[in-house]
Amino acid sequence: QVQLVESGGGLVQPGGSLRLSCAVSGRIVSMYRMGWYRQAPGKLRELVAAIASGFTNYADSVKGRFTISRDNARNTVYLQMNSLKIEDTAIYYCKLGVEPSDYWGQGTQVTVSS
């Protein structure tokens with residue numbers, strides 16, 4: 001059984017910070033490309049950040065504000081979000097990339113509002 005469980009979402013004010021966690025069971029995160037995606041109502045799901053052996057990658061809209069990391073001992077991937085903006089509001093999903101299929105978490109809601 002492969003399971004990805006996101007946590008850490010919530011309501012924050014613009015300029016605030018939040019850390020999302022993705023706890024993975026059934027696969028070792030260090031062996032796979034892991035990513036954070038987000039989807040706002042009426043919009044397409046978009047890549048926010050990804051991490052794999054040897055690289056990290058970020059959407060231009062979050063560079064300098066968000067940091068993706070992983071703790072191999074805890075088999076967990078994190079997304080540290082700083083200087084949050086209203087446009088960051090979305091459901092955030094964790095993805096484990098494995099061919100031919102990917103695994104997704106259930107999502108966690110992030111709302112940035114004053």
Side-chain angles (χ1 to χ4, degrees):
Q1 182 181 13
V2 178
Q3 187 175 18
L4 285 67
V5 180
E6 301 99 330
S7 62
L11 174 64
V12 296
Q13 295 183 339
S17 297
L18 208 59
R19 188 181 75 163
L20 306 183
S21 298
C22 174
V24 177
S25 61
R27 292 290 189 275
I28 301 173
V29 298
S30 63
M31 296 177 61
Y32 300 95
R33 180 179 184 269
M34 302 294 302
W36 285 98
Y37 292 72
R38 67 186 181 188
Q39 187 167 24
K43 298 185 177 181
L44 298 175
R45 189 171 298 185
E46 63 176 349
L47 174 69
V48 176
I51 186 169
S53 179
F55 79 91
T56 56
N57 186 51
Y58 298 92
D60 288 341
S61 59
V62 307
K63 285 181 179 177
R65 300 189 296 120
F66 291 11
T67 302
I68 188 170
S69 63
R70 65 188 181 195
D71 186 330
N72 293 336
R74 294 176 171 82
N75 213 43
T76 299
V77 180
Y78 303 95
L79 184 68
Q80 179 66 47
M81 305 184 294
N82 298 326
S83 302
L84 283 162
K85 304 175 180 179
I86 292 175
E87 52 262 44
D88 295 319
T89 296
I91 301 175
Y92 284 71
Y93 298 91
C94 182
K95 186 184 82 171
L96 184 151
V98 56
E99 299 296 340
S101 61
D102 302 322
Y103 295 95
W104 293 86
Q106 83 289 345
T108 186
Q109 176 71 49
V110 172
T111 302
V112 185
S113 176
S114 61

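Values in this document were obtained by computation on a predicted structure and should not be read as measured data.
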4.5 Å side-chain heavy-atom contact, [X] and [Y]:
X	Y	answer
Met81	Tyr92	yes
Val24	Leu96	yes
Thr89	Val110	no

Practice problem: Decide yes or no on side chain to side chain contact (heavy atoms under 4.5 Å, CB included) for Glu6 and Trp36, but give the supporting numbers first. | Solution: CA-CA 10 Å; Glu6 301 99 330; Trp36 285 98; 3.7 Å; yes
Is there a continuous path of hydrophobic side-chain contacts, each under 4.5 Å between heavy atoms, that joins [X] to [Y]?
X	Y	result
Tyr58	Phe55	no
Val77	Val2	yes
Leu11	Leu18	no
Tyr78	Met34	no

Exercise. Sort and list the pairs that fulfil side-chain hydrogen bond (donor to acceptor under 3.5 Å, both in side chains) and have at least one residue in residues 45-56, not counting sequence neighbours.
Key: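 As it turns out, the side-chain hydrogen bond (donor to acceptor under 3.5 Å, both in side chains) pairs with a partner in residues 45-56, which skip direct neighbours, are Arg38-Glu46, Gln39-Arg45.
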Exercise. Can you tell me which residue pairs pass the side-chain hydrogen bond (donor to acceptor under 3.5 Å, both in side chains) test with a partner in residues 12-21, sequence neighbours excluded?
Key: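 Of all non-adjacent pairs touching residues 12-21, those that pass side-chain hydrogen bond (donor to acceptor under 3.5 Å, both in side chains) are Ser17-Asn82.
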Self-check item: Fellow cluster residues of Tyr37, listed by chain then number, with links counted only when side-chain atoms sit under 4.5 Å apart
Solution: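 Direct or chained contacts put Tyr37 with Leu47, Ile91, Tyr93, Trp104.
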Minimum heavy-atom distance [X]-[Y], with the two atoms named:
X	Y	value
Pro14	Ile86	CG-CG1, 4.1 Å
Asn75	Arg27	ND2-O, 2.7 Å
Asn72	Val29	OD1-CG2, 4.1 Å

Exercise. Might you work through the side chain to side chain contact (heavy atoms under 4.5 Å, CB included) test for Phe66 and Leu84, ending with a clear yes or no?
Key: CA-CA 9 Å; Phe66 291 11; Leu84 283 162; 3.8 Å; yes
Self-check item: Distance (rounded to the nearest 0.5 Å) between Leu20 CG and Cys94 SG
Solution: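 Going from CG on Leu20 over to SG on Cys94, the span is 9.5 Å.
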Quiz prompt | Atom pair CD/OG1 of Gln106 and Thr108 - distance to nearest 0.5 Å | solution =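 Answer for the CD-OG1 pair, Gln106 versus Thr108, is 7.0 Å.
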Practice problem: Inspect the contact between Asp88 and Lys85 and indicate whether a charged nitrogen and a carboxylate oxygen are less than 4.0 angstrom apart. | Solution: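 No, no charged N to carboxylate O under 4.0 Å.
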Quiz item: Between Thr76 (side chain) and Arg74 (backbone), is there a donor-acceptor pair under 3.5 Å?
Solution: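 Confirmed, Thr76 side chain pairs with Arg74 backbone.
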